[in-house]
Amino acid sequence: MTANLGGTAITSSHCGTGFFVLHQSMKGEKYEMSKPIENVEEVLRHTAAHIMAQAVLRLWPDAKVAIGPTIKNGFYYDFDLEHRFTPEDLERIEEEMERIVQEKLPIIREEITNEEAVELFSKLEQPYKLELLEELDDEVSIYRQGEFVDLCRGPHLDSTSKVRFFKLQSIAGAYWRGDSKRPMLQRIYGTAFSNKKALREHLRMLEEAAKRDHRIIGRDLDLFSIQEEGPGFPFFHPKGMVLRNALEDFWREEHRKRGYQEVKTPIMLHEDLWHRSGHWDNYRENMYFSEIDEQNFAIKPMNCPGGMLLYRRKLHSYRDLPIRMAEMGLVHRHELSGTLHGLMRVRCFTQDDAHIFMLPSQIQSEIEGVIDFVDSVYRDVFGFKYHVELSTKPENAIGDDAMWDKATDALREALDAKGLEYVVNEGDGAFYGPKIDFHLEDCLGRTWQCGTIQLDFAMPERFDLTYIDENDQRQRPVMIHRVIFGSLERFIAILIEHFAGAFPTWLAPVQVQIIPVSDDHLDYAEQVEKTLFDANIRVETDRRSEKMGKKIREAQLQQIPYMLIVGEKEKEAGVVSVRHRREGDLGTFKLEDFVQKITEEIASKRQ
RNA sequence: GCUGGCGUGGCUCAGCGGUAGAGCAGUCGAUUCGUAAUCGACAGGUCGAGGGUUCAAGUCCCUCCGCCAGCUCCA
């Protein structure tokens with residue numbers, strides 16, 4: 001297989017799913033890499049990262065280079081230097097990169113011993129490379145292009161001339177080796193493609209994503225805001241509440257159908273509860289505390305301890321189980337200020353939580369039930385694709401290994417029984433149990449963690465939960481924590497970006513905008529409005545004495561699904577002219593026909 | 001929290017040592033219009049907050065707050 005990268009090709013031999021890239025060795029022999037790569041563009045980007053590092057070193061010879069890998073859709077390189085990069089520097093670096101490309105420098109791989117590499121990078125005064133070498137094998141590879149040499153596993157293209165379509169994108173801080181205790185380096189992000197069109201298309205995609213930013217659309221459509229007085233604590237506006245309530249109504253109905261009962265637990269509870277639950281030991285950093293009558297209280301960061309108290313309020317028979325207890329629970333978490341991001345990352349949010357208390361024999365069927373539930377919401381209703389991850393015991397876990405193994409196996413078995421593919425995240429579980437996470441994919445291919453199912457043997461133990469079995473013995477129930485939307489706030493943010501504000505009619509804050517052609521038609525407009533209002537349609541009339549074109553434009557910008565134009569013609573015939581935000585003029589409809597059409601559309605939750 | 005950047009009317013932005021500006025939105029008036037922006041007038045800002053430098057500070061310096069891009073963390 002040969003990939004065309006503008007002129008000379010990199011040659012690669014096909015092998016299984018990936019393919020191997022061939023390199024020129026020092027002696028001019030072909031060298032075959034052992035690492036299969038998925039994508040020639042990755043090699044291109046890796047080489048682009050080297051060219052960028054070379055350019056930076058030419059401009060700032062005292063810069064220390066750290067690492068420069070490829071990432072999804074691009075690459076970065078981390079630098080340590082006194083000078084602070086500015087956006088203008090990016091242009092200068094790009095120009096220097098351009099020059100390096102023009103120089104058509106051959107890229108040469110060498111294999112040397114670790115000691116030789118230490119000697120080389122000591123001479124070059126590159127301490128970060130020396131640190132990397134400490135953890136590498138006796139034999140390492142380096143790549144040279146002109147005066148530049150880098151410690152690198154490769155593979156690379158064979159000449160700098162082949163990196164032609166690239167763009168430096170942004171500068172950011174990044175800790176050396178991702179460790180917040182180590183020095184902060186300066187990272188430059190860039191991207192590169194094998195042809196001009198692909199690069200342009202990618203940059204256009206980024207612009208498109210920026211236009212869908214839920215913070216911008218949320219303001220323009222007057223859905224929500226975050227005020228300076230409450231960083232990370234969002235305000236929902238009337239229109240945002242309509243959307244939110246539509247989601248909640250849907251959520252309630254689906255839970256009712258699946259045998260859940262709804263509860264509400266308090267936001268603030270005595271500190272002792274959080275000691276017992278393990279949150280004090282494992283989650284204190286993220287919690288808010290307060291004092292009432294000289295007693296310490298905590299604001300809940302999770303709903304489960306409240307749920308425990310509810311279960312414990314009375315004795316339970318094995319006949320009662322499973323108990324599926326759902327709660328739209330408002331939780332508060334102290335997140336680091338730098339991580340806050342619109343509705344995606346906030347300090348108070350509403351989890352569509354549920355706790356399922358069950359017999360050990362019910363574990364698998366209950367987990368499968370939740371998996372089906374998540375699938376029906378994500379796929380059938382919203383049309384999202386998603387993938388699944390299984391997270392196992394973390395460092396700060398409570399409960400013994402046997403308990404964890406049992407819980408993790410149960411989750412695995414349920415996934416296998418459902419035939420779901422999943423990736424495993426070792427050590428990424430909650431402190432009280434392993435979890436299955438659902439990551440949904442939006443229309444731009446970005447993924448978001450939303451749903452999660454966590455199996456918990458620890459919490460029932462800590463709270464001494466029991467049920468009475470058929471032999472009149474006290475037994476320990478097992479518990480599931482789960483969410484479907486995850487957080488209502490984050491889910492709404494994802495919906496805003498996924499639909500770019502053009503919500504399906506069942507979610508649209510305003511479903512119909514009535515647009516009178518002139519003031520003379522206001523009375524008829526009001527008649528139409530009343531009919532729709534009585535049919536439970538969310539309708540508004542634009543009563544301003546503006547021109548029709550302007551009212552249409554504004555309704556379009558508000559992404560209102562239907563505009564009803566009413567003027568002399570419609571008044572005479574007792575009809576309405578229907579304009580759809582995407583399909584345009586749909587012609588005239590008898591009002592009852594339109595009501596039927598839109599009512600069906602809303603009921604079916606069609607997109 | 002860390003690194004860098006940025007805070008001027010509801011929004012987008014100009015002004016960068018010498019008495020606060022524009023467009024859109026808003027209000028009022030005129031216009032009564034057929035599928036994405038009618039015209040005019042008016043009103044609106046202690047220039048994020050607090051200190052300092054200066055005869056004089058949106059404009060320079062310091063501290064704090066908030067926002068943005070990442071890092072770390074996560075629903």
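Fair warning: this is a prediction, and the values are worked out from it, not measured in the lab. Lettering follows sequence order; numbering is per chain, from 1.
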I'd like the [atom1] distance from [M] over to [N], given in whole Å.
N     : M     : atom1 : value
B/G29 : B/G70 : P     : 48 Å
B/G40 : B/C13 : C1'   : 24 Å
B/C11 : B/G48 : P     : 13 Å
B/G15 : B/G45 : C1'   : 14 Å
B/C68 : B/U27 : P     : 30 Å
B/G5  : B/C62 : P     : 12 Å
B/C33 : B/A69 : C1'   : 47 Å
B/G52 : B/A57 : C1'   : 11 Å

5'-most to 3'-most nt of RNA chain B touching chain A (<4.0 Å, heavy-atom partner on protein side) reads B/G1 to B/A75
Under a 3.5 Å cut-off for both contacts, is [N] paired Watson-Crick or G-U wobble with anything, and if yes, with which nucleotide?
N     : answer
B/A49 : B/U63
B/G34 : none
B/G44 : none
B/C11 : B/G23
B/C73 : none
B/G58 : none

Please list, chain by chain and in numerical order, all residues satisfying side-chain contact (heavy atoms from CB on, under 4.5 Å) with A/Arg84, sequence neighbours excluded. A/Gln186
By side-chain contact (heavy atoms from CB on, under 4.5 Å), A/Pro394 pairs with (sequence neighbours left out) A/Asn396, A/Ala397, A/Trp404
Using a heavy-atom cut-off of under 4.0 Å over every strand shown, decide if A/Asp520 touches base, sugar-phosphate, or nothing. sugar-phosphate
Over all strands shown, is A/Arg490 touching base, sugar-phosphate only, or nothing at heavy-atom distances under 4.0 angstrom? base
[X]: which residues meet the salt bridge (Lys or Arg N to Asp or Glu O under 4.0 Å) condition with it, sequence neighbours left out?
X        : value
A/Arg582 : none
A/Arg284 : none
A/Lys597 : none

Centroid-centroid distance, A/Trp251 to A/Tyr260, less than 6.0 Å: no
Pick one: which of A/Phe503, A/Phe499, A/Phe491 meets ring-ring contact (aromatic ring centres under 6.0 Å, His included) with A/Phe382? A/Phe491
